[in-house]
Visitor: 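Let me begin by handing over the structure; questions about it come next.
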Amino acid sequence: RKKFSRNAQTFYQPEMYTSMSNDLHTEMNLRKGIESNEFELYYQPKVNCEDGSIAGFEALIRWNHPKLGIRGPMEFIPIAESTGLIIPIGEWVITQALKQLALWDIGHRKQYTISINISSRHFLHNDFPKYLLSQMDYYKVSPSRLVIEITESVAMMEYETVKERIHYLNELGFSVSIDDFGTGFSAFVYLQHFPIKEIKIDRQFIQEIESDEKSLSITRTIINLAEQLSLRVVSEGVETIEQWEKLKMLGCHELQGFYFSKPLNIKKIEELY
Ligand code: C2E
Ligand code: CA
Ligand code: CA
Ligand code: CA
C-alpha cells in the first residue's frame with residue numbers, strides 16, 4: 001500500500017482497489033503463506049440436535065496474514081483453487097486434522113469426529129486417496145473419525161471418477177458428507193448412486209425457516225429424505241433457539257451455528273470442551 005502516495009489516492013478508482021487487494025492474494029503471496037506456516041484451523045462444534053451435546057467439529061481454515069491479520073477462506077480459497085495451490089493447502093488441512101485427532105486420542109478425550117472441507121479439484125486429484133492413506137497410517141487414527149465434506153459441484157465434473165472415489169473412501173471407512181445440500185443441481189444423483197453418509201442443509205434455508213414457508217418445506221423435505229435413506233442430516237447456520245426448536249421438531253440429527261459457537265482456535269476449543 002505504501003507505494004501509493006497521498007496524491008495518488010486522490011485519483012482513486014475502483015480498478016485500483018481491485019488490483020491492490022488482489023495483489024495481496026496473488027499466487028506468490030499464497031505460496032509464501034504456505035511456506036511460512038501462516039495457516040491455522042479453527043474448529044466449530046457440531047452438536048446433537050436432541051440435547052445440544054457435542055458430536056464433533058468442523059475444521060475451517062484461516063490465514064494469519066502478517067500484515068492483514070486473520071483472513072477467512074472466502075478471500076483466498078478461490079485463488080488457491082485456480083492456481084492449484086489448493087492441493088498443498090488441502091494436504092496441510094488433512095495432516096492438521098489427523099494430528100489433532102491423534103493428540104486427542106493420547107489425552108483420552110471423547111471420540112469426536114473432525115470434518116474437513118475438500119475442494120473438488122483436490123478431491124478429484126490422483127494423489128488425494130494416497131495422501132489421505134499415508135497420513136492415516138502415520139497418525140494411526142481410525143478413518144471413522146474423519147468426515148470429508150465435498151459440495152455438489154464435484155459430481156458435475158467427472159461423474160465416474162467421483163463415483164469410484166466415494167466408493168473407495170467408503171470402503172476404507174471414511175465418511176463423505178455433501179455440504180451446502182440443496183444449492184447445487186445434482187443432489188439426487190448423489191444420493192442415488194454414491195455411498196454418502198451425511199448431508200448438510202445449507203444455511204440459506206435454515207436462516208428463513210421461521211419467516212418463509214418455502215424454506216421450511218424444503219428443510220422438512222430434506223430431513224425426511226435423509227431419514228428414508230438412513231443418512232445423517234446436519235443443519236448449518238443455526239443462530240437462534242427458535243431455529244433449534246423447529247429443527248428438533250423436524251427430526252434433524254445434528255446442528256452447527258453461531259447459536260452454539262463460532263469457529264474457535266484450538267486453544268479455546270480445548271478450554272471449552
Ligand atoms: P462451509 O463449509 O459451508 O462452512 C460454513 C461457514 O459458515 C463458515 O464460514 C462458518 O464460519 C460459517 N458459519 C457457521 N455458523 C454460522 C452461523 O450461525 N451464521 C453465519 N452467518 N455463518 C456461520 P468460513 O469459515 O468463512 O468458511 C467459508 C467457506 O470456506 C466454507 O463454507 C468452505 O466452503 C470454505 N472452507 C473453509 N475451510 C476450508 C478448507 O480448509 N478447505 C477448503 N477447500 N475450503 C474451506
Ligand atoms: Ca463445510
Ligand atoms: Ca456448508
Ligand atoms: Ca455454505
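Below, each value reflects all heavy atoms present in this structure, side chains not excepted, and no hydrogens, waters or symmetry copies. The residues of the chain are indexed from 1 along the displayed sequence.
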Visitor: Could you check whether any side-chain heavy atom of Thr95 comes within less than 4.5 Å of a side-chain heavy atom of Tyr138, counting everything from C-beta outward?
Guide: no
Visitor: From the options Asp179, Ile222, Asp180, select the one residue that forms a side chain to side chain contact (heavy atoms under 4.5 Å, CB included) with Ile199.
Guide: Ile222
Visitor: Decide whether Glu81 and Ser119 meet the rule of one side-chain donor and one side-chain acceptor closer than 3.5 Å.
Guide: yes
Visitor: Are more than 12 heavy atoms, taken from residues, nucleotides or ligands other than Lys248, located less than 6.0 Å from that residue's NZ atom?
Guide: yes
Visitor: Using the rule that Ile, Leu, Val, Met, Phe, Trp and Tyr join whenever any side-chain heavy atoms are under 4.5 Å apart, tell me whether Val147 and Leu101 fall into a single cluster.
Guide: no
Visitor: Would you say that Phe128 contacts Arg165 through its side chain, given a criterion of any heavy-atom pair below 4.5 Å between the two side chains?
Guide: yes
Visitor: Does the Ser134 side chain pair with the main chain of Tyr131, one donor and one acceptor, at a distance under 3.5 Å?
Guide: yes
Visitor: Within the 3.5 Å criterion, strictly below it, is a donor on Glu40 or Asn64 matched to an acceptor on the partner's side chain?
Guide: yes
Visitor: Are the side chain of Asn48 and the backbone N or O of Glu50 linked by a donor-acceptor pair below 3.5 Å?
Guide: no
Visitor: Compute the ring centroids of Tyr159 and Phe194, then answer whether they are less than 6.0 Å apart.
Guide: yes
Visitor: Ser53 and Asp51: which non-hydrogen atoms are nearest, and at how many Å?
Guide: OG-OD1, 2.8 Å
Visitor: Linking I/L/V/M/F/W/Y whenever their side-chain heavy atoms sit closer than 4.5 Å, directly or via other members, would Leu247 and Met249 fall into one cluster?
Guide: no
Visitor: For the pair Gln243 (side chain) and Glu239 (backbone), establish whether a donor and an acceptor sit closer than 3.5 Å, ignoring hydrogens and angles.
Guide: yes
Visitor: If you round to the nearest 0.5 Å, how far is CZ of Phe205 from CD of Glu236?
Guide: 10.5 Å
Visitor: Could you tell me whether a side-chain N or O of Asp212 sits under 3.5 Å from a main-chain N or O of Ser215, the two making a donor and an acceptor?
Guide: yes
Visitor: Over 60° means perpendicular and under 30° means parallel, so classify the ring planes of Trp63 and Phe76, tilted if in between.
Guide: perpendicular
Visitor: Answer with yes or no whether the side chains of Gln111 and Trp104 bring together a donor and an acceptor at under 3.5 Å.
Guide: no
Visitor: Would you say Gln44's side chain and Ser261's backbone share a donor-acceptor pair under 3.5 angstrom?
Guide: yes
Visitor: Look at the aromatic rings of Tyr43 and Phe57 and report parallel, tilted or perpendicular, splitting at 30° and 60°.
Guide: perpendicular
Visitor: Between Lys197 and Val176 (side chain of the first, backbone of the second, donor and acceptor by atom type, cut-off under 3.5 Å), is there such a pair?
Guide: no
Visitor: Are the charged groups of Lys200 and Glu58 less than 4.0 angstrom apart, N to O?
Guide: yes
Visitor: Any carboxylate oxygen within less than 4.0 angstrom of a Lys/Arg side-chain nitrogen, looking at Glu254 and Lys46?
Guide: yes
Visitor: Taking Ser177's backbone N and O only, do any of them form a donor-acceptor pair with Glu198's side chain (distance below 3.5 Å, no angle check)?
Guide: no
Visitor: Following the transitive rule for hydrophobic clusters with a side-chain heavy-atom cut-off under 4.5 Å over Ile, Leu, Val, Met, Phe, Trp and Tyr, establish whether Leu255 and Ile269 coincide in one cluster.
Guide: yes
Visitor: Testing the basics here: between Ile114 and Ala59, what is the closest heavy-atom pair and its distance to 0.1 Å?
Guide: CG2-CB, 4.1 Å
Visitor: Taking only Lys NZ, Arg NE, NH1 and NH2, and the carboxylate oxygens of Asp or Glu, determine whether Lys140 and Asp105 approach each other closer than 4.0 Å.
Guide: no
Visitor: Can we say Arg31 and Glu35 salt-bridge, meaning some charged N sits less than 4.0 Å from an Asp/Glu carboxylate O?
Guide: no
Visitor: Does the distance from a Lys or Arg side-chain N to an Asp or Glu carboxylate O, for Glu271 and Lys267, drop under 4.0 Å?
Guide: yes
Visitor: Can you find a side-chain donor-acceptor pair between Gln135 and Lys99 that sits under 3.5 Å?
Guide: no
Visitor: Can a side-chain donor-acceptor contact be found between Thr26 and Asn29 if the only test is distance below 3.5 angstrom?
Guide: yes
Visitor: What's the shortest heavy-atom distance between Ile118 and Phe123, and which atoms?
Guide: CG2-N, 3.6 Å
Visitor: Side chain of Arg71, backbone of Arg62: donor and acceptor closer than 3.5 Å?
Guide: no
Visitor: Just by modelled atom types, is the Val233 backbone N or O under 3.5 Å from a matching donor or acceptor in the His253 side chain?
Guide: yes
